[in-house]
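The structure under discussion appears below in the form of structure tokens.
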Amino acid sequence: MSEWTDPDAFASALDRAETREKGHYFERFEVGETIEHEPGLVLDRPGTERWMGQTLNHDPAYWRTDAARERDFPEPPIHPDYLLACVMGATVEDLSEKGGYFLGRTDLRFHEPVLPGTEIRTRSTVESTATSNSRPDYGIVTWQTAGYDAETDAVLVSYERTNMVPRRTPTAADGGQVTDDEREADDEQEADDEQTVEEGASDDSLPATLIAPDGPHFEDFRAALDRVGDDPDAAVAYRHERGRTMDDQLVAGLPLATLNTARQHHNRDAMADSPSGDIVAYGDVTRSVALAHARSDEATYRERAYHDESFHDFVTLGDTIYGFTRVLEADPDPGPPRAGEVTFEHVAFDQDRRPVYSGRRTALIDSRHQ
């Protein structure tokens with residue numbers, strides 16, 4: 001046995017060896033900087049079908065040519081959840097591989113349908129950076145990200161994302177100062193979080209009467225909202241029956257297929273001493289599963305936009321994800337003659353009834369008499 005493979009000698013060498021690190025610290029990001037992410041993917045039918053099958057997104061318009069044409073697609077397109085996950089995954093190495101809490105995503109928009117064979121690229125622009133008053137080991141970075149067609153440069157999907165990012169040197173140690181504006185923003189966020197916890201702890205903050213629509217079409221959502229009217233103690237809200245248990249394919253397989261290199265999804269050794277104690281699901285997998293439950297109870301025509309998306313707790317191997325939906329608005333005007341626009345609030349929760357994801361979604365829902 002060589003010295004390099006002798007266990008004791010090799011362990012000593014590991015202790016002395018420099019680690020070639022991946023990802024970037026907070027100090028790396030400068031406001032206004034644009035980052036062209038090196039990874040790119042060709043979005044193909046096997047990839048999107050694997051994503052849809054594993055997450056229960058069984059919409060036939062993304063599988064079958066006849067169903068696609070009925071929905072005004074020339075052929076079955078790439079599923080928007082898969083498109084988003086691939087764009088987000090390609091940014092991880094440059095933006096968030098060092099870890100840090102995902103604080104939210106908003107202004108998520110799908111600009112046009114994407115067909116199989118499209119080669120995508122991704123770019124992000126640093127919109128803001130801030131020091132965290134409550135966590136000196138971290139900073140807060142917001143990026144505007146766009147996934148675009150490598151051939152035409154047309155933007156396919158865009159969103160704004162905010163993360164906590166580890167600092168190379170904690171604020172207290174490097175003498176960094178927190179401005180009054182940053183301190184006020186941090187204090188306001190902490191106050192908002194405390195208020196949310198207090199409101200969520202009391203049933204009095206939620207409507208007493210919950211009703212469900214009678215069917216999956218736009219008119220059904222509109223009629224349910226009309227039944228509720230202006231009653232502040234009633235809402236159109238319902239849960240979905242299906243659940244999906246997180247297995248190795250969902251937790252590790254799907255993120256790796258989107259080039260998501262974050263160790264928390266596939267490196268059990270690195271996560272052993274983390275707060276979760278184990279590898280955790282990619283947020284966009286959890287989100288897609290919950291939305292699949294909701295979409296199975298809708299006559300969805302097109303996905304449009306998402307706002308105020310948040311991930312509230314860890315999802316690990318063996319957790320089961322369910323979905324809950326509240327209908328906020330139903331407007332016939334923004335859609336084509338065959339559909340109306342409905343705004344939903346979705347909540348994903350696990351087997352212990354812990355909310356793990358929430359977000360507002362706007363989609364076009366087919367009319368009953370299209």
Side-chain angles (χ1 to χ4, degrees), residues 43 45 48-49 52 56-84 106-118 146-149 152 154-159 211-230 235-238 240 287-288 290-309 323 325-346 359-370:
L43 301 177
R45 196 171 304 285
T48 193
E49 289 182 352
M52 290 187 293
L56 298 177
N57 276 284
H58 297 164
D59 186 333
Y62 297 93
W63 301 85
R64 293 182 1 223
T65 300
D66 60 334
R69 289 175 178 167
E70 289 174 1
R71 295 260 289 277
D72 303 318
F73 297 123
E75 62 177 284
I78 297 298
H79 195 279
D81 289 2
Y82 179 61
L83 168 65
L84 173 62
T106 195
D107 199 23
L108 165 59
R109 299 182 184 279
F110 296 102
H111 296 271
E112 58 183 77
V114 180
L115 299 181
T118 301
Y148 60 96
D149 188 316
T152 67
V155 175
L156 307 174
V157 61
S158 60
Y159 58 85
I211 69 168
D214 293 331
H217 295 96
F218 174 78
E219 294 88 348
D220 300 309
F221 294 110
R222 184 73 176 269
L225 287 171
D226 288 343
R227 286 166 56 194
V228 168
D230 297 327
V236 181
Y238 47 96
H240 307 281
R287 167 191 182 274
S288 188
L291 294 177
H293 299 332
R295 292 171 181 141
S296 70
D297 292 322
E298 302 168 8
T300 313
Y301 173 68
R302 287 282 195 283
E303 298 292 321
R304 278 205 157 172
Y306 293 78
H307 296 279
D308 302 328
E309 292 192 300
T325 294
R326 179 174 181 179
V327 182
L328 301 177
E329 297 178 11
D331 186 349
D333 294 334
R338 63 173 290 166
E341 185 179 85
V342 180
T343 300
F344 304 93
E345 181 180 7
H346 298 295
R360 284 189 295 117
R361 163 177 168 250
T362 301
L364 295 179
I365 305 298
D366 266 328
S367 170
R368 188 184 299 112
H369 306 295
Q370 57 169 302

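Computed from heavy atoms alone, side chains included, the values below leave out hydrogens, waters and symmetry copies.
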*Counting only N and O atoms by type, is there a donor-acceptor contact under 3.5 Å from the side chain of Glu219 to the main-chain atoms of Arg368?*
yes
_Any donor-acceptor pair under 3.5 Å from Thr48 side chain to His79 backbone_ = yes
_Those residues that, when tested against Glu303, pass salt bridge (charged side-chain N to carboxylate O under 4.0 Å, His left out) (two or more places apart)_ = Arg295, Arg361
*Would Thr118 and Leu156 count as a side-chain contact (heavy atoms from CB on, under 4.5 Å) if you check the C-alpha gap in whole Å, the side-chain angles of each, and the deciding distance to 0.1 Å?*
CA-CA 10 Å; Thr118 301; Leu156 307 174; 4.2 Å; yes
*Please report the closest heavy-atom contact between Asp214 and Arg227, naming both atoms and the distance.*
OD1-NH1, 4.0 Å
*Among Arg304, Arg222, Arg302, which one satisfies salt bridge (charged side-chain N to carboxylate O under 4.0 Å, His left out) with Glu341?*
Arg304
*Would Phe344 and Phe221 count as a close aromatic pair, with their ring centres under 6.0 Å?*
yes
*Looking only at heavy atoms, what is the nearest atom pair of Pro74 and Leu115, with distance?*
CG-CD1, 4.0 Å
*Is a side-chain donor or acceptor of Thr106 paired with a backbone partner of His307 at a separation under 3.5 angstrom?*
no
_From Leu291 atom CG to Glu298 atom CD, the distance as rounded to the nearest 0.5 Å_ = 9.0 Å
_Between Arg71 and Thr300 (side chain of the first, backbone of the second, donor and acceptor by atom type, cut-off under 3.5 Å), is there such a pair?_
yes
_Could you report the tightest heavy-atom contact between Pro213 and Ala224, atom names first, then the distance?_
CA-CB, 4.0 Å
_CG on Asp308 to CG on Leu108, rounded to 0.5 Å_ = 11.5 Å
*Which atoms form the tightest heavy-atom contact between Ile365 and Pro216, and what is the distance?*
CG2-O, 3.4 Å
*Check the pair Tyr159, Glu309 against side-chain contact (heavy atoms from CB on, under 4.5 Å), reporting the backbone distance first and the verdict last.*
CA-CA 11 Å; Tyr159 58 85; Glu309 292 192 300; over 6 Å; no
*Considering residues at least two apart in sequence or located in another chain, which fulfil the salt bridge (charged side-chain N to carboxylate O under 4.0 Å, His left out) criterion with Glu75?*
Arg45
*Give, for atom CG of Leu328 and atom CD of Glu345, the distance between the pair rounded to the nearest 0.5 Å.*
5.5 Å
*Could you walk me through whether Tyr82 and Met52 pass the side-chain contact (heavy atoms from CB on, under 4.5 Å) test, one step at a time?*
CA-CA 8 Å; Tyr82 179 61; Met52 290 187 293; over 6 Å; no
*asked:* Less than 6.0 angstrom from the centroid, inside 45 degrees of the normal: does Arg338 satisfy that with respect to the ring of Phe218?
replied: no
*asked:* Just checking Glu112: does its CD atom have more than 12 heavy atoms from other residues, nucleotides or ligands closer to it than 6.0 angstrom?
replied: yes
*Validation row: Leu364, Pro336 side chains within 4.5 angstrom (heavy atoms)*: yes
*asked:* So, taking the atom named OH in Tyr306 and the one named CG in Asp107, what distance separates them when rounded to the nearest 0.5 Å?
replied: 14.0 Å
*So how far is it from Leu225 CG to Glu329 CD, rounded to the nearest 0.5 Å?*
8.5 Å
_Non-hydrogen atoms of Pro116 and Pro77 that approach each other most closely_ = CD-CA, 4.3 Å
*Could you tell me which non-hydrogen atom of Trp63 sits nearest to which non-hydrogen atom of Asn57, and how far apart they are?*
NE1-O, 3.7 Å
*First locate atom CG of Asp59, then atom CZ of Arg64, and finally report the distance between them rounded to the nearest 0.5 Å.*
9.5 Å
